[in-house]
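Report on one structure; see the data block that follows.
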Amino acid sequence: MTIGERIRKIRKELNLTQQEFASRIGMKRNSIAQIEIGRNTSDQTIFSICREFNVNELWLKTGNGSMFNPEPKSALDILVDQYNLTDAALALIKRFIKLKPEHQDIVAKFISELATDFGNLAVPESSNEITVEEAEAAYIKSHSRNVRKTASPALNIIDGNTGKKVKLTSCFTEYNRTHEASP
């Protein structure tokens, strides 16, 4: 079976006319008719068909596998596909949505203020770019009275005043307590 024959099979499976099929992928009916009878198909057309109709690209190109990709199982699966999320980003989102709403607000406020702090960092005059290491060093220096970086930055935070390790949740609790008191 050729690519054109597989495209016709998709169209028939979806119960679409050539005009309806063509309109959904931004083409003209005549172009679809030509492809179905054997005219070469561009990579862009293949991409458009796969995206619009959830077609398995491998099946469309070779005939191997299933005609359609499995439907996403959840809203998170849709986000992963739509934004090409990494496993780490997905894990972060899953943990965030499991938090109580008031804790989500604390995390969101913390991240917003952190982003503002990073946005206010001085950029070296020789360049418009700053490395991650330079940004971390500048941030740590600007907050050295409160939090000091350690060898393992993930959850290993040391209180700059006491020198004791503090759990991240304790930091958020303290952050929330001090910021609720401020106007």
Side-chain angles (χ1 to χ4, degrees), residues 1-119 121 128-133 135-136 139 152-157 168-169 171-172 175:
M1 186 181 294
T2 66
I3 289 179
E5 290 169 331
R6 284 190 287 277
I7 290 173
R8 177 183 300 218
K9 187 171 183 171
I10 294 165
R11 184 176 62 76
K12 295 284 187 182
E13 179 75 22
L14 296 171
N15 198 28
L16 296 173
T17 65
Q18 287 179 338
Q19 181 62 49
E20 292 166 333
F21 189 87
S23 293
R24 297 250 319 252
I25 59 171
M27 295 182 74
K28 295 186 178 191
R29 187 207 60 79
N30 187 43
S31 298
I32 296 301
Q34 292 295 313
I35 290 170
E36 287 183 358
I37 61 171
R39 191 184 92 198
N40 286 340
T41 308
S42 72
D43 287 339
Q44 180 59 44
T45 299
I46 290 171
F47 175 78
S48 295
I49 291 169
C50 292
R51 185 196 67 235
E52 179 64 26
F53 301 110
N54 197 32
V55 171
N56 178 346
E57 185 176 358
L58 180 64
W59 179 85
L60 184 54
K61 288 181 174 181
T62 67
N64 295 327
S66 300
M67 182 186 301
F68 295 103
N69 291 317
E71 290 293 323
K73 295 171 187 72
S74 70
L76 286 177
D77 292 331
I78 294 169
L79 284 174
V80 167
D81 291 342
Q82 187 174 0
Y83 295 102
N84 297 319
L85 297 178
T86 64
D87 289 341
L90 179 60
L92 181 66
I93 291 169
K94 283 181 177 179
R95 287 199 180 245
F96 180 79
I97 62 176
K98 287 181 181 178
L99 293 173
K100 293 178 182 175
E102 58 270 18
H103 294 145
Q104 289 178 355
D105 291 342
I106 292 168
V107 171
K109 186 174 179 182
F110 176 79
I111 291 171
S112 175
E113 290 185 8
L114 184 62
T116 299
D117 288 346
F118 275 115
L121 293 177
N128 288 335
E129 297 180 7
I130 186 169
T131 67
V132 171
E133 291 79 14
E136 286 177 350
Y139 178 79
S152 177
L155 290 175
N156 195 10
I157 298 174
L168 186 57
T169 54
C171 290
F172 284 129
Y175 174 85

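In terms of heavy-atom proximity, Phe96 sits nearest to Gln104 at O-NE2, 3.1 Å. What you find for Met27 and Thr45 is that their closest heavy atoms are SD-CG2, 3.7 Å. Closest non-hydrogen pair, Cys50 versus Leu60, comes out as SG-CD2, 4.0 Å. Taking all atoms of both residues into account, the shortest heavy-atom contact from Arg39 to Ser31 is NH1-CA, 4.1 Å.
The backbone N or O of Asn69 lies less than 3.5 Å from a partner atom in the side chain of Asn54, making a donor-acceptor pair. Looking at Glu5, its side chain does come within 3.5 Å of a backbone N or O of Thr2 through a donor-acceptor pair. When atom types are taken as modelled, the side chain of Gln18 and the backbone of Asn30 share no donor-acceptor pair closer than 3.5 angstrom. Of the possible donor and acceptor atoms, one in the side chain of Asp77 sits under 3.5 Å from a partner among the backbone N and O of Ser74. Using a distance-only test at 3.5 Å, with no hydrogens or angles considered, a donor-acceptor pair links the side chain of Ser48 to the main chain of Gln44.
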Evaluate the side chain to side chain contact (heavy atoms under 4.5 Å, CB included) criterion for residues Ile46 and Ile3: first the C-alpha distance (whole Å), next the side-chain angles of each, then the deciding distance (0.1 Å), finally the verdict.
CA-CA 9 Å; Ile46 290 171; Ile3 289 179; 4.2 Å; yes

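Annotation for Asn64: atom CG counts as buried by contact number, over 12 foreign heavy atoms lying within 6.0 Å.
Counting heavy atoms from C-beta outward, Ile32 and Arg29 have side chains that stay 4.5 Å or more apart. No side-chain heavy atom of Ile7 sits less than 4.5 Å from a side-chain heavy atom of Phe53. Using a 4.5 Å heavy-atom cutoff, the side chains of Ile37 and Arg8 are in contact. The closest side-chain heavy-atom distance from Arg6 to Val55 is not below 4.5 Å.
Note that CG of Asp81 is 13.5 Å distant from CZ of Arg51, once rounded to the nearest 0.5 Å. We find the CG-CD distance between Asn40 and Gln34 to be 11.5 Å, quoted to the nearest 0.5 Å. Here the straight-line distance linking atom CG of Leu90 with atom CG of Leu85 works out to 6.5 Å at 0.5 Å rounding. Expressed to the nearest 0.5 Å, how far CD1 of Ile111 lies from OG1 of Thr116 amounts to 12.0 Å. Atom CG of residue Leu14 and atom CD of residue Glu52 lie 10.0 Å apart, to the nearest 0.5 angstrom. Separation of atoms NZ (Lys12) and CZ (Phe21) is listed at 12.0 Å; rounding is to 0.5 Å.
Pairs engaging residues 86-101 under the side-chain hydrogen bond (donor to acceptor under 3.5 Å, both in side chains) rule: none recorded [sequence neighbours left out].
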